Amino acid sequence: GDLFAGGGIFSGGAPTAITVSGNLSAPGLVAGTVSVGGEMKIANITGTSVSGVAANTINAGSILMINAPAFFPNYLISNDRNGVTPSDFILTTGSLTSVGPRIPMINANGTSAFSDPNSNPGSGGNISLIVNTGLIVGPQGDLSSITANGGNFNFGGAYGGGNGGAINITAAGPITIDSPIEATTGRVLDGTRTAGDGGAITFNSVNDAVAINSPVQASSADPAITTARRRSANGGNITLKSGKPSGVAINISNTGQLLSLLDAAAPGPGGKVTILATGANSSARVNGTLHADRGTIDIRHTGDAGQINLGGPGASDAIDAHGDVIKVAALGNNGVLTIGNGMLSADTTLKLYSPGSNGTVNFVADVTLGGASTKIIAGNTVNIFNGVVVTVGGNHPASVFTNNANYSGFGGNGSRTGTFGGAGANNPLPLSHAPALDAPGG
């Protein structure tokens, strides 16, 4: 049947299991496992700050949060003088809806090290959200924020733990990120070392869009403004996936940021930023900031008529992408890769591909292909629109592989006035001579 509690439901000692075949309603709840066949309603009518949900596994037909501030996994008490890594937090529901004024956050941060010089901090926990509708993370959304950061390291002490956690969101509907998401390393209090592994963040909309309008950060390289700063030893990973069949499948706005940062002093390796759209006729719009320090940025569309727009399509849109390797590919037979305003800077390899039988690479606004990397442009048709300059950084010209070189100079057929600047480009070779794109993320 139904369970209605006028006061909070709190399990004492070891976390308990709560199973309700109908609806559950309470101001707050602490348990290990919660299973609700109908609606789980947490209604913080009195406005107390302690109201919320602490549990490790939640499975509910639907969830309604009314003025409730938070979801937490259970934290077990540390018996070894080390910080605590929280238990895994898994939430599966048909829908999650929140009504303010407070919107719940999900916090699975590791706790800080003790003052004992041999004490290690806890690492960020693993958060898994599976929603059969959509999910908005933002000030007016279903969740206000999600964090799974490592705990702080003590001054000059042990440097294990403190790793970023994992955040995985899978939804049948759209996923929209309007507030910062973090799964990065703990703060280093002496400010002189790097410590902790970067985390992993994945957003997967099975049938709809993924929209990023705020920073998403999986590893850190904070500047030396204060002694307490996050300086990851290894880069973190960020993955966006959309199976939306048509329309805009992935949209990273000018305010969006995908950050896998790594200080120059960090041992590495760097992390990966992966963006994948699979719908037959959908598009991926990528603006804002994408950084994978000493790592890889991999953007792909596998749909037959899939489109990727970098730095567009609006005239004020721009992209700022930096990594050791950058690969962007519209892989369908009728795929289109369009590059507009901004900077694509790679240290080792930069590949811009649309290799299908009717694949097209369009340069529609001035753009800089920066860094000392090998730069390869490959498409059945390569267009540099009239008046557009593609500036090639470094000391080596770009390599172009195309059957239709629609630009001026550098072996182009002159059908368009756009051209290359900087180090320029070699005369084009047939598309069939293009090097392999290689596997995703590598």
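Being a predicted model, the structure only gives us computed values, none of them experimental.
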side-chain hydrogen bond (donor to acceptor under 3.5 Å, both in side chains): pairs with one or both residues in residues 247-259, sequence neighbours excluded: Asn213-Ser253, Ser253-Thr255, Asn254-Asp317
Side-chain heavy-atom pair Leu290, Ile299 within 4.5 angstrom cut-off: yes
Ala148 versus Ala166, closest heavy-atom pair with distance: CB-N, 4.4 Å
For Phe420, all residues meeting ring pair (Phe, Tyr, Trp, His ring centres under 6.0 Å), sequence neighbours excluded: Tyr407, Phe410
Sub-4.5 Å side-chain heavy-atom contact between Leu310 and Leu344: yes
Ile66: partners by side-chain contact (heavy atoms from CB on, under 4.5 Å), with sequence neighbours left out: Lys41, Ala43, Leu64
Listed partners of Asn234 passing side-chain hydrogen bond (donor to acceptor under 3.5 Å, both in side chains), at least two apart: Asp197
Inter- and intrachain pairs under ring-ring contact (aromatic ring centres under 6.0 Å, His included), touching residues 302-341, at least two apart: His291-His322
Residues in side-chain contact (heavy atoms from CB on, under 4.5 Å) contact with Ser123, at least two apart in sequence or another chain: Thr85, Asn163
Distance-only side-chain donor-acceptor flag, Thr133 / Ser95, under 3.5 Å: no
Qualifying salt bridge (charged side-chain N to carboxylate O under 4.0 Å, His left out) pairs, either residue in residues 250-271, two or more places apart: Arg231-Asp263
Close side-chain approach of Leu135 and Thr176, heavy atoms under 4.5 Å: no
Residue pairs passing the ring-ring contact (aromatic ring centres under 6.0 Å, His included) test where at least one lies in residues 369-400, sequence neighbours excluded: none
Basic-acidic side-chain contact under 4.0 Å: Lys351, Asp438: yes
Minimal non-hydrogen separation, Gly162 against Phe153, with atom names: CA-CZ, 3.8 Å
Closest non-hydrogen atom pair, His301 against Ser283: NE2-N, 4.0 Å
Residue of the set Ile376, Ile308, Leu369 for which side-chain contact (heavy atoms from CB on, under 4.5 Å) holds with Leu352: Leu369
Contacts of type side-chain hydrogen bond (donor to acceptor under 3.5 Å, both in side chains), residue Asn59, not counting sequence neighbours: none
Closest non-hydrogen atom pair, Leu337 against Ala330: N-CB, 4.1 Å
Shortest non-hydrogen contact from Gly271 toward Ala292: O-CB, 4.1 Å
side-chain hydrogen bond (donor to acceptor under 3.5 Å, both in side chains) against Asp347, all qualifying residues, sequence neighbours excluded: none
Closest contact, heavy atoms only, Ile103 versus Ser144: O-OG, 3.1 Å
All pairs passing ring-ring contact (aromatic ring centres under 6.0 Å, His included) where residues 100-141 contributes a residue, at least two apart: none
Contacts of type side-chain hydrogen bond (donor to acceptor under 3.5 Å, both in side chains), residue Asp304, not counting sequence neighbours: Asn334
